[in-house]
Amino acid sequence: MSATSVSKDAQLPPHGFNSQHNHWLERKIGELVAEDFRRAHVFSQFGIDFCCGGGKSLEVACERADVDPAKVVAALNAATLTGSKEDELNQLPLDQLIEYIESTHHQYVREKAPLLVEYSEKMIRAHGEHYAEIVPFAGWVRALVEDLMPHLMKEEKILFPAIRAMSHGEQVEACFGHIGNPINAMQHEHEEVGLILQKLHELTNDFTPPEYACTTWRVCYATLAEFEADLHQHIHLENNILFPKALVLTQ
């Protein structure tokens, strides 16, 4: 059974409840997802941020998401822990993981981001006069894209080449000093993206189109929901797998 099929009403196993329960709650979200990517699907079901909020303990994350920790733990226990594409990604050498991130997630952003801008601007032209909420929505979509495009370039031209070189045992001499400096900068930008997505959720009722929405409106919201899901996986791979492994190379 996959994590996506786990019910929120799953029950905790009767044996070893307290110790196992506490073990889960003390762990950090990012660490749990790094061990098994399927846990990201469980967290998504409960509205728990597993990418930008990966540094929080599960207990704190449950409190902030206002969900029952026992149900989350039950779902995590029920999730299959072996044999997935995500497990394979966690085992990839760093240069191959970078190649995967660039060819899969960076390419996805470059393909879908212009469409989001196009759809949102078309919505303004068609309905902005009658539905004022469309105007700020389109502005935040553009802000999201304008944040992401230079972010991708900084990773591809500066940070990723340095990590590749380090993974091959090469000495890296760069203007940024320690590799932790650009990593911290990229993580900060990830947090900014998370804040923009949060604002878009607020403006769109969690990407739920109103009954009167036209086709473009509905397609735009659906595309944005898909875009966010891909970004969550994208940021998770970097924040919780690639960057920590790169920092280990400096020790």
Side-chain angles (χ1 to χ4, degrees), residues 2-5 8 37 40-54 61 64-67 85 100-157 185-239:
S2 68
T4 55
S5 64
K8 290 185 181 181
F37 205 117
H41 306 316
V42 174
F43 293 142
S44 292
Q45 289 179 11
F46 290 95
I48 293 174
D49 180 3
F50 63 84
C51 56
C52 300
R64 294 195 176 186
D66 193 24
V67 296
K85 176 66 176 177
Y100 176 84
I101 291 171
E102 290 181 337
S103 63
T104 302
H105 297 296
H106 283 207
Q107 182 62 26
Y108 177 90
V109 171
R110 289 193 167 98
E111 289 176 357
K112 293 298 173 66
L115 287 176
L116 283 173
V117 173
E118 177 185 338
Y119 294 152
S120 62
E121 291 181 348
K122 186 176 180 180
M123 287 163 60
I124 288 180
R125 292 194 297 270
H127 306 291
E129 183 177 349
H130 301 289
Y131 302 107
E133 68 269 22
I134 292 177
V135 177
F137 165 74
W140 282 106
V141 167
R142 181 168 290 280
L144 176 65
V145 173
E146 289 177 350
D147 266 26
L148 283 170
M149 290 310 186
H151 176 85
L152 300 185
M153 290 299 296
K154 283 182 278 190
E155 288 184 338
E156 293 172 359
K157 300 298 184 183
M186 295 302 97
Q187 289 176 323
H188 176 70
E189 292 184 6
H190 289 165
E191 292 174 1
E192 292 179 340
V193 166
L195 292 175
I196 294 175
L197 288 169
Q198 181 178 338
K199 185 64 179 180
L200 286 166
H201 269 280
E202 295 170 359
L203 289 171
T204 62
N205 189 26
D206 295 326
F207 309 142
T208 304
E211 293 182 1
Y212 50 79
C214 67
T215 300
T216 297
W217 197 328
R218 295 178 184 277
V219 169
C220 185
Y221 278 20
T223 303
L224 185 57
E226 178 190 81
F227 193 83
E228 181 191 48
D230 184 84
L231 271 179
H232 279 173
Q233 294 184 353
H234 175 180
I235 293 173
H236 161 70
L237 287 176
E238 293 180 357
N239 277 7

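The first residue of the sequence shown is numbered 1, and numbering continues consecutively from there.
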How close do [X] and [Y] get, heavy atom to heavy atom, and via which atoms?
| X | Y | value |
| --- | --- | --- |
| Cys220 | Leu116 | O-CD2, 3.9 Å |
| Pro114 | Val109 | CD-O, 4.1 Å |
| Arg218 | Ala213 | NE-O, 3.2 Å |
| Tyr108 | Asp230 | CD2-OD2, 3.3 Å |

Report yes if some heavy atom in the side chain of [X] is under 4.5 Å from a heavy atom in the side chain of [Y]; otherwise report no.
| X | Y | result |
| --- | --- | --- |
| Lys112 | Val145 | no |
| His106 | Glu155 | yes |
| Glu228 | His201 | yes |
| Phe50 | Val42 | no |
| Leu195 | Glu191 | no |

Next item on the list: Assess the pair Tyr131 and Trp217: is the distance between their ring centroids shorter than 6.0 Å?
Entry: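 Ring-ring flag for Tyr131/Trp217: true, centres closer than 6.0 Å.
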Note to self: Less than 6.0 angstrom separating the ring centers of Tyr119 and Phe137, yes or no?
What the structure shows: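 When the ring centroids of Tyr119 and Phe137 are compared, they turn out to be at least 6.0 Å apart.
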Check: Counting only N and O atoms by type, is there a donor-acceptor contact under 3.5 Å from the side chain of Thr208 to the main-chain atoms of Asn205?
Finding: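 Here the side-chain-to-backbone pair exists.
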Next item on the list: Give a yes or no on whether Met153 atom CE has more than 12 heavy-atom contacts from other residues, nucleotides or ligands under 6.0 Å away.
Entry: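 Count not over threshold, so no.
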Note to self: I'd like to know whether His105 forms a side-chain contact (heavy atoms from CB on, under 4.5 Å) with Glu238, so could you lay out the CA-CA distance, the side-chain angles of the two residues, the decisive distance to 0.1 Å, and finally the verdict.
What the structure shows: CA-CA 11 Å; His105 297 296; Glu238 293 180 357; over 6 Å; no
Next item on the list: Determine, for Arg110 against Glu156, whether the closest basic-nitrogen to carboxylate-oxygen distance falls under 4.0 angstrom.
Entry: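 Salt bridge: yes.
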Next item on the list: Would you please test Val219 and Leu115 for side-chain contact (heavy atoms from CB on, under 4.5 Å) and show each step?
Entry: CA-CA 10 Å; Val219 169; Leu115 287 176; over 6 Å; no
